[in-house]
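From a predicted model like this one, the values you see are computed outputs, not experimental measurements. A, B, ... follow the sequence lines: proteins, then strands. Residue 1 opens every chain.
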Amino acid sequence: DAGVIQSPRHEVTEMGQEVTLRCKPISGHNSLFWYRQTMMRGLELLIYFNNNVPIDDSGMPEDRFSAKMPNASFSTLKIQPSEPRDSAVYFCASSPSSTPYNSPLHFGNGTRLTVT
Amino acid sequence: AQSVTQLDSHVSVSEGTPVLLRCNYSSSYSPSLFWYVQHPNKGLQLLLKYTSAATLVKGINGFEAEFKKSETSFHLTKPSAHMSDAAEYFCVAGGATNKLIFGTGTLLAVQP
């Protein structure tokens, strides 16, 4: 299995621009997570999908952030407009479990976002 | 409320010596506990998981962890460190709250 695939690996953009991060979960996994990692705040859960439905989006910072999962094999995280404080590494993770908080997560290698 | 405390932000050991990374949890119920490792520019990878079947859990790459309910601890150990073990390690708790709680991480340095 190829694992969780994220693209792009690196994204540099100017403040105010739209940014779209992409994730392909492991085939057969029905839970998908978006996390953000920074030095200051560590790992933060942004949103969690189960069977393509958003279950918990309480971690999404503000309306500039949106996430979609149109099908079981693809998810996007969009930031519009981007701001310098959005600079971070964004991870996508998937799990085969419908109760993923008791199950291991499989992480992608992340997208390093820099907003200038 | 559930919480996870990693007692050391940095640990440095010499190659071939034992590794001890400490983790304490706070929970009103028996949690699921995990250790993950993150190498530079990589995602987190599962090392091991505690599921209440056995208090001593063996993981990948020679790591193991022991669940001690009386001490609310889940420390990660390895008898002999290898240079490739240099990475950041995260203790994670999950369970009935439907949230995964990540510790702040311990950066392990291995000196030659």
**Q.** Under 4.5 Å from a heavy atom of chain B, the part of A/Gln37 involved
**A.** side chain
Q. By a 4.5 Å heavy-atom criterion (distance strictly below it), what part of A/Phe33 contacts chain B: side chain, backbone, both, or neither?
A. neither
Q. How far does CG of B/Leu100 sit from OH of A/Tyr35, to the nearest 0.5 angstrom?
A. 4.5 Å
Q | Pairwise distance CZ(A/Phe91) to CD(B/Gln38) - rounded to 0.5 angstrom | A | 4.5 Å
Q) Which bit of B/Lys42 is near chain A, if near means a heavy-atom gap under 4.5 Å: side chain, backbone, both or neither? A) both
Q. Is it the side chain or the backbone of A/Thr111 that comes within 4.5 Å of chain B heavy atoms, both, or neither?
A. neither
Q) By a 4.5 Å heavy-atom criterion (distance strictly below it), what part of A/Arg41 contacts chain B: side chain, backbone, both, or neither? A) neither
**Q.** Note, A/Leu43 side chain near B/Tyr36 side chain (heavy atom, < 4.5 Å)
**A.** no
Q.
Which heavy atom of A/Asn109 sits nearest to which heavy atom of B/Gly43, and what is that distance?
A. OD1-N, 3.4 Å
Q. Roughly how far apart are B/Phe34 CZ and A/Leu105 CG, rounded to 0.5 Å?
A. 7.0 Å
Q. Above 12 or not: heavy atoms from other molecules or residues under 6.0 Å from CZ of A/Arg112?
A. no
(Q) Nearest 0.5 Å, please: how far is NE2 in A/His10 from CG in B/Asn41? (A) 6.5 Å
